[in-house]
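Letters A, B, ... are given to chains in the order of the sequence lines, protein chains preceding strands, and every chain is numbered from 1.
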2 protein chains.
Amino acid sequence: MYDFPLFVGIEEADIKKLLSEFNAYNMKYKKDATILSNVSRTSQFYIILSGKANVTRYNFNGTKTIMEKLDKGDIFGSFSGTSDDDLYVIASEDTEIITFEYNKLINRSGRNIEAHNKLIDNVLNKLADKLTSYNERIEILTEKTIRDKLLKYFNYLSKKQITKNIIIPFTLSDLSDYLAVDRSAMMRELKNLNEDSLISSKGRYINIKY
Amino acid sequence: MYDFPLFVGIEEADIKKLLSEFNAYNMKYKKDATILSNVSRTSQFYIILSGKANVTRYNFNGTKTIMEKLDKGDIFGSFSGTSDDDLYVIASEDTEIITFEYNKLINRSGRNIEAHNKLIDNVLNKLADKLTSYNERIEILTEKTIRDKLLKYFNYLSKKQITKNIIIPFTLSDLSDYLAVDRSAMMRELKNLNEDSLISSKGRYINIKY
DNA sequence: AATTAATTGTTGCTTTTGCAACTTTTATCG
DNA sequence: CGATAAAAGTTGCAAAAGCAACAATTAATT
């Protein structure tokens, strides 16, 4: 049930005690339901217990951008967005969350101190991971050409998957969103990379040849 | 001495006690000195007491990119970079830091619990702020045209400076880096925005007219 | 105050990218 | 299983952006 990084190193019994002390409660959402609107102004701390959700921005012109994908064990809260934008957390499949007041997390009472310490450590690590992945995305977005964005992204993937035969973990359509480039232009560049023998790819399966 | 957000809400005496419990020590660096190399692998937690520094990446081709600017009161540590890149923290002027083991921050002993709680709260807020500013940059970088990047950036600035007469807080040259676009192309677009009467600007002084 | 360095501003040309409008292939669902 | 939807793959054309090479200002330094 609670077997994800956020709770690593904490006994299940202690997790339950803590959550109960925090007055935490569970909620279930169907696919496409809105879990949270006005993300930046919540005082709650959220954990995804199962399912998946997207932190989504709706632009004035009706298009939407996925700012972040949330998986089982991921956290979200006021730290998930900028102060002005209309960000929503939307379930991308049936999703269960648990939530409690952020303040409870911070202000330790006397009980369960050790478990509480560990939890905060884990939260810090989660945020640090998030910072790392934002950093990564910024480095990729900072590349000037589509080609360079792709190559940099492939590099990161290759390091993570520890192989030169990488599999893109989402659709190519989503990849073009992630890289913030036009999908067809990205496809064209993918073809060029194949023709220049820098990669050999079919769909989301890519072999890096350099 | 310790009057910055990281220590807000904590008595100076308590700060000193905590830092002493953490076996924290101070270091001074001259302008351009390397404060930390191999950022992602440090187990220390750093706070800038005075001065300024840059988190810098050196690319294979010899160019360097400033990933983040650090000011008085800012923190850095393993959470400041991606896992693979060679990141350095370089003093951009004479700088004093204080540092201690990250573990000491997390594992609370019995004493000074309240101050320690508050400190961790502040660290969480710092990280959250950082996430917010990364989010902001990502949202800007995600815009497709230079024009839209500029407008989005001006919007953020306008909200922060609470005025439509904004002042860009660094050189236009640095702005083009921040937006990851060619400087001359950015200048051209700035001119277009003026001609289209969306802004009226001279150098870094910009009046937003919409 | 004079010189040097840095920043700002400009422009023609070329390359890259986005857009639109398709076809083909692969998934999904009643 | 067949129908419908989603994703992948293509292409011509127009618009945007990068590059390079300057000139003009403004700031910094001795």
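- Axis angle between the ends of the helix from C:dA1-D:dT30 to C:dG30-D:dC1, five pairs each and rounded to 10 degrees, works out to 70°.
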>> side-chain hydrogen bond (donor to acceptor under 3.5 Å, both in side chains) for B:Tyr156 and B:Glu139? Distances and angles first, verdict last.
In response: CA-CA 11 Å; B:Tyr156 279 122; B:Glu139 294 204 19; 3.1 Å; yes
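- DNA chain D lies under 4.0 Å from at least one heavy atom of each of the following residues of residues 166-175 of chain A: A:Thr171, A:Leu172, A:Ser173.
- Going from atom CE of A:Met186 over to atom P of C:dC19 covers 15 Å, rounded to whole Å.
- A:Asp182 contributes a side-chain N or O that, together with a main-chain N or O of A:Ser184, makes up a donor-acceptor pair within less than 3.5 Å.
- Remark on DNA chain C: of its neighbouring residues A:Ala180 and B:Arg188, the 5'-side contact belongs to B:Arg188, judged by nearest-heavy-atom nucleotide.
- With hydrogens and angles ignored, the 3.5 Å screen pairs no side-chain donor or acceptor of A:Thr163 with any backbone N or O of A:Gln161.
- In this structure, the ring of B:Tyr178 has its center less than 6.0 angstrom from the ring center of B:Tyr153.
- Remark: B:Lys191 is in phosphate contact with C:dT11, judged by side-chain N or O atoms under 4.0 Å from OP1 or OP2.
- No donor-acceptor distance shorter than 3.5 angstrom exists from the side chain of A:Lys104 to the backbone of A:Leu19, with no hydrogens or angles considered.
- Remark: side-chain polar atoms of A:Ser40 are not paired, donor with acceptor, to backbone N or O of A:Ser78 under 3.5 angstrom.
- Base engagement by B:Arg183 is indicated by at least one non-hydrogen atom pair under 4.0 Å involving a base atom.
- Rounded to whole angstrom, the span from the CZ atom of A:Arg204 across to the C1' atom of C:dT25 amounts to 14 Å.
- Put simply, CD on B:Glu189 is 6 Å from P on D:dA17, counting in whole angstrom units.
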> Could you go step by step and tell me if A:Asp148 and A:Thr145 meet the side-chain hydrogen bond (donor to acceptor under 3.5 Å, both in side chains) rule?
Replying inline: CA-CA 5 Å; A:Asp148 287 342; A:Thr145 63; 3.2 Å; yes
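- Atom-to-atom, CG of B:Asp148 to P of D:dA15 comes out at 16 Å; the value is rounded to the nearest Å.
- Nearest nucleotide to the side chain of B:Asp182, out of D:dC19, C:dG18, C:dT8: D:dC19.
- Residue-level contact check: A:Ile146 touches the backbone only, with heavy atoms under 4.0 Å from sugar-phosphate atoms and none from bases.
- Taking atom CZ of B:Arg147 as the reference point, atom C1' of C:dT17 lies 17 Å away to the nearest angstrom.
- For the pair A:Met187 CE and C:dT26 P, the interatomic distance rounds to 12 Å; values are reported in whole Å.
- In terms of modelled atom types and a separation under 3.5 Å, the side chain of B:Thr99 and the main chain of B:Gln44 share no donor-acceptor contact.
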>> Evaluate B:Glu195 against B:Lys191 for salt bridge (Lys or Arg N to Asp or Glu O under 4.0 Å), listing each step before the verdict.
In response: CA-CA 6 Å; B:Glu195 278 167 9; B:Lys191 201 167 68 172; 5.1 Å; no
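- Between the base of C:dA20 and the side chain of A:Ser184 there is a donor-acceptor pair shorter than 3.5 Å.
- Closest to the side chain of A:Lys144, from the set C:dT17, C:dC19, D:dG18, is D:dG18.
- Distance, B:Leu190 CG to C:dT11 P: 14 Å, rounded to whole Å.
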